[in-house]
Number of protein chains: 2
Amino acid sequence: MAAGRSVDAAARLRAAGLRSTGQRRAVLEALSRLGHATVDELAAEVQASMPEVSLSTVYRTLEALDAVGLVTHTHLHHGAPTYHSVDDEPHLHLVCQACGAVASESVEVALDLATAVRRASGFRVDLTHLALHGRCASCAPAIPDDPLAPPLHTSEAPAAGSLPAPPTLTEA
Amino acid sequence: MAAGRSVDAAARLRAAGLRSTGQRRAVLEALSRLGHATVDELAAEVQASMPEVSLSTVYRTLEALDAVGLVTHTHLHHGAPTYHSVDDEPHLHLVCQACGAVASESVEVALDLATAVRRASGFRVDLTHLALHGRCASCAPAIPDDPLAPPLHTSEAPAAGSLPAPPTLTEA
DNA sequence: TTGGCTGCAAAAATTTTGCAGTACC
DNA sequence: GGTACTGCAAAATTTTTGCAGCCAA
């Protein structure tokens, strides 16, 4: 499923003075199999076939792979960053703030934005894994489509007392 | 400084069955004074004048204010979400992955993107506090401006050994 | 060989919760 | 007066580190 535009991981690692180890390859494969995943998910996937791989190794591996550019990460949900395989088709994420669903969208839709920002301030946007927050079609109430419209969650405030934590589905 | 388009916080809270307390007002004021801040920064700012306000209160307050739409949050850096006052001029953030600097940009530059996404999938983007990651002008090396170009941090991999954690300036 | 990498376990940092008292409506 | 909110302290999580042995190159 994920054999997009392969990159020679080993070579890239070596070029940076790092090494290509079994664990690193395992993490890379797990990620490309999963498409995108959090540290936990990734650790679980790797440990399915290599139980001794420790969580700290996954953390350190991801950090290294990220530094070398073999993976990227975005912040889809609160605390935990979500990692992506560079080997994967570049895409951006649409994160629904209401139901938590994560959908993908072609990066092309944001090409103009990148250009505009570049022109306006010289900043170069990394679109490969941009995350857009908002409301998915099914959660969007019949409100005008003004993207600047204040908080989308205004009228359905919590009943009272404990504030309901928004559901947290993470499947794409 | 930050008396943009005011919102009646008390009213909005009450409308949701919540209450307007001194602590909540303090958090709101601190946030509007700071523009945007993490939980820690906010707690510090609040505690400067109200030392007894506990960190857990800040967490719970932010959660409540967010649910009611009086504040929003984005994920500028790794773990900690950054909160924003709705009272503030809407803007998006340009986060440099190299030096960590955070700059602001007018939301207008992304209006078309919102429309395109809306059209493509029915998803309504909340642009008010979008975060774009990439390279600021001073950190962008002389590379072609292809926003799809693989990882921007490819050739300057860590010397070896411990991977240098990117600096973490958070001033806008 | 050499020095980067890994596993294990402990330490640190970050968030969340339980409760009894307090304050807002 | 009823009930949401707060502070404090403890509990639960999530990440980071120290080290001795292991393994790519």
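Proteins come first, then strands; the chains are lettered A, B, ... in the order of their sequence lines, and each starts at number 1. FYI, side chains are in, hydrogens and waters are out, and symmetry mates aren't considered; it's all heavy atoms of this structure.
When rounded to the nearest whole Å, the span between CG of A:Leu62 and C1' of C:dT6 equals 15 Å. With rounding to whole Å, A:Leu65 atom CG is found 14 Å from C:dG4 atom C1'. Between the C1' atom of D:dT14 and the OH atom of A:Tyr83 lies a distance of 13 Å, rounded to the nearest Å. When the P atom of C:dT14 is taken as reference, atom CG of B:Leu42 falls 15 Å away, rounded to whole Å. The separation between A:His77 atom NE2 and D:dT14 atom P is 14 Å, rounded to whole Å.
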With the sugar-phosphate defined as primed atoms, P, OP1 and OP2, and the base as all remaining atoms, what B/S/- string results for nucleotides 16-25 of chain C, 5' to 3', for protein heavy atoms under 4.0 Å? BBB----BBS
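Here A:Glu45 pairs with A:Arg33 under the salt bridge (charged side-chain N to carboxylate O under 4.0 Å, His left out) rule; sequence neighbours left out. In this structure, the side-chain contact (heavy atoms from CB on, under 4.5 Å) partners of A:Ala116, at least two apart in sequence or on a different chain, are B:Val109. Looking at residues two or more places apart in sequence or on another chain, you find no salt bridge (charged side-chain N to carboxylate O under 4.0 Å, His left out) involving A:Glu29.
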Under the side chain to side chain contact (heavy atoms under 4.5 Å, CB included) rule, what do A:Val107 and A:Leu130 come out as? Steps first, then yes or no, please. CA-CA 8 Å; A:Val107 291; A:Leu130 172 64; over 6 Å; no
One pair to check against side chain to side chain contact (heavy atoms under 4.5 Å, CB included): B:Val58 and B:Asp40. What are the steps and the verdict? CA-CA 9 Å; B:Val58 177; B:Asp40 298 307; over 6 Å; no
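Using modelled atom types, one finds a donor on one side chain and an acceptor on the other under 3.5 Å when comparing B:His93 with B:His91. Using a 3.5 Å distance cut-off with no hydrogens or angles, the side chains of B:Arg25 and B:Ser20 do pair a donor with an acceptor. In this structure, a donor-acceptor pair under 3.5 Å is present between the side chains of A:Thr74 and A:His84.
For DNA chain C, no neighbouring residue in residues 45-53 of chain B is found when judged by any heavy atom under 4.0 Å.
Among all heavy-atom pairs drawn from B:Leu18 and B:Arg24, the shortest one is CB-NH1, 3.9 Å.
Note on B:Ser54: a side-chain N or O is less than 4.0 Å away from OP1 or OP2 of D:dG7.
Within the model, atoms CG of A:Leu132 and CZ of B:Phe123 stand 6.5 Å from one another, a figure rounded to the nearest 0.5 Å.
The shortest distance between side-chain heavy atoms of B:Thr115 and B:Val117 does not fall below 4.5 Å.
Overall bending of the helix from C:dT1-D:dA25 to C:dC25-D:dG1, expressed as the angle between end axes built from five pairs apiece, is 50° (10° steps).
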